[in-house]
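What follows is a set of notes on a single structure, which appears directly below.
In what follows, every chain begins at residue 1, and chains take the letters A, B, ... in the order their sequences are listed. As the structure is a prediction and not an experimental result, all values here were calculated from the model.
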Amino acid sequence: MAVASISVKETPLVLYALRRADDALILGHRLSEWCGHAPMLEEDMALANMALDLIGQSRELYSYAGKVEDAGNDEDRLAYLRDVRQYRNVLLVEQPNGDFAHTIIRQFLYSAFADLYWREMMSSSDATLAAIAAKSEKETAYHLRHSSEWVIRLGDGTDESNRRAQDALEDLWAFTGELFHVDDAERSLIAEGVVIDPERLRSAWTATINDVVQTATLMVPARDWMQKGGRSGNHSEHLGHLLSELQSLQRSFPGATW
Amino acid sequence: MVIAADQDRDLRAAAWTAAAQVVDPEIPVLTIADLGVLRKIAVVDGRVEVTITPTYSGCPAMNMIALEIELALAREGIAKPVITTVLSPAWTTDWMSDEGRRKLKDYGIAPPQPGGGRRALFGEQQVACPQCGSTDTEVLSEFGSTSCKALWRCKSCREPFDYFKCH
Ligand SMILES: [Zn+2]
């Protein structure tokens, strides 16, 4: 009864757009899980707003991936009809919400990267990607500011909030390396000036992280072993559960609309 | 040729007048022309082409706005317009008309500061209370009831208010 997954011809540009779209969709979906559950009403709205921004960014990127692939896959098919192994997001964004500290630390680590990333991508030689970057960087700047303020508030708050924020940082740290990972497909786009080399952002990202983490009286984890796999479809078990919820309607009722 | 050009011009003007009256479903005192969401109207081979741009990537009002434009044009006898959404150049609150800013303030929403962008975002912000005009105000939440607004409070008159944030 359930609809089969589609197959996607992943040229470097299609793969690139899917990776960035998947990052935004999965993180947006995670944030949307807080709707109605956040610690206070203002934060409930903030998390839902950020989710909306991210899902909006993913829609533009999916639409572009579908257009470049030119095989009849639109944003909905790409989001709803790919299997977990076909998802290309970094492992960081699929990590469960955990407690509020985990959600905030995850958002902070991602936004500190995405803020720099989209700003630099505004100079892409690809007009569509440059336009998506220009919209995304404005939104991401707010996400970074909001999550940074919370990191400081949690770290420099009570003993318990400090402990939870530090625990979250320790748990999620190993997933940050993948933000900078590039493979041959992406390297070919970097060489053409279509996308930027994330390595260029590493020192600025590290400076932002150090600055906020120190202000928060937290400690940057000393470990430098990094986990990766999401970009090539090797995910943690968490993503499968997330997708089964995200995709259930379209899988059971193909083409259903509101 | 001249007559055809005149017809196109009249059609374009009529289409603009109709489309410019469509309001933002989330802030109904503002038209899409006030907001700068309505970018361009052209007539190509006798067909009206409308270009709009979203305020935020995830703005849920865009589908509604496109539908409202189609209805507004249909009421003027203009059938089947092509409505295109463009992302570039990226929308900014600087495009909001002075008329739009005045209407927002009268509606109780503090208008975005002109020439805003990143400087206003990360610099000092001074937002005047739309009720009493006091600048003794504080932010309650960066994110308000819609993507484009933040929640503030006036310390003089104690009223909370929405601020249309710089973007
Ligand atoms: Zn006041």
Side-chain angles (χ1 to χ4, degrees), chain A residues 20-21 24-25 28-29 31-32 34 38 40-64 75 114-115 118-119 122 124 126-150 208 257-258, chain B residues 26 36-37 39 51-67 84-96 112 115-125 138-153 160-167:
Chain A
R20 301 295 159 180
L25 178 68
H29 185 86
L31 292 179
S32 78
W34 275 103
M40 60 181 95
L41 184 59
E42 287 80 3
E43 197 49 30
D44 209 280
M45 285 158 69
L47 294 171
N49 265 283
M50 293 194 288
L52 200 57
D53 288 340
L54 287 161
I55 293 167
Q57 293 166 15
S58 79
R59 292 185 60 185
E60 298 295 344
L61 287 159
Y62 284 132
S63 295
Y64 187 51
E75 51 173 326
D115 179 58
W118 290 125
R119 206 174 321 143
M122 289 166 67
S124 167
D126 181 304
T128 305
L129 291 178
I132 292 171
K135 284 221 78 66
S136 302
E137 85 75 49
K138 292 191 193 202
E139 293 155 4
T140 309
Y142 275 99
H143 303 178
L144 175 59
R145 181 162 79 169
H146 186 73
S147 54
S148 299
E149 284 173 356
W150 266 114
T208 303
T257 55
W258 294 109
Chain B
E26 288 174 343
V37 161
R39 299 309 299 158
T51 307
I52 53 178
T53 193
T55 52
Y56 281 69
S57 299
C59 179
M62 289 310 284
N63 291 347
M64 182 79 171
I65 287 172
L67 187 69
T84 313
T85 303
V86 295
L87 294 184
S88 180
W91 179 82
T92 158
T93 36
D94 290 347
W95 292 350
M96 191 183 292
R118 291 189 82 84
R119 245 179 324 117
L121 174 52
F122 289 105
E124 285 297 303
Q125 278 183 314
E138 63 181 351
V139 66
L140 289 179
S141 175
E142 294 278 14
F143 297 89
S145 54
T146 65
S147 301
C148 54
K149 288 179 289 187
L151 188 61
W152 283 60
R153 174 167 54 200
F161 63 91
D162 277 332
Y163 167 53
F164 200 111
K165 58 192 181 192
C166 288
H167 203 65

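- Note: A/Glu60 CD to B/Leu87 CG = 4.0 Å, rounded to the nearest 0.5 Å.
- Of the atoms belonging to B/Ser145, heavy atoms from both backbone and side chain fall under 4.5 Å from chain A.
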Walk me through whether A/Glu139 and B/Ser57 qualify under side-chain contact (heavy atoms from CB on, under 4.5 Å).
CA-CA 8 Å; A/Glu139 293 155 4; B/Ser57 299; 3.0 Å; yes
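- Considering every non-hydrogen atom in both A/Met50 and B/Phe143, the closest pair reads CG-CZ, 3.8 Å.
- Of the atoms belonging to B/Pro54, heavy atoms from both backbone and side chain fall under 4.5 Å from chain A.
- Of the two parts of B/Thr55, only the backbone, made up of N, CA, C and O, holds a non-hydrogen atom closer than 4.5 Å to a non-hydrogen atom of chain A.
- The minimum heavy-atom distance between B/Trp91 and A/Lys138, with the atom names listed, is O-NZ, 2.7 Å.
- Counting heavy-atom pairs under 4.5 Å between each of B/Ala150, B/Gly144, B/Pro89 and chain A puts B/Gly144 at the top.
- Contact between A/Leu52 and B/Pro60 at its shortest, heavy atoms only, is CD2-CD, 4.0 Å.
- Considering NZ of A/Lys135 and NE2 of B/His167, their distance stands at 5.0 Å, rounded to 0.5 Å.
- Only the side chain of A/Glu149 comes within less than 4.5 Å of a heavy atom of chain B; its backbone N, CA, C and O stay farther away.
- For a residue to count as touching a neighbouring chain, one of its non-hydrogen atoms must lie under 4.5 Å from one of that chain's; by this rule A/Leu47 does not touch chain B.
- The line from OG of B/Ser147 to CG of A/Asn49 is 5.0 Å long, rounded to the nearest 0.5 Å.
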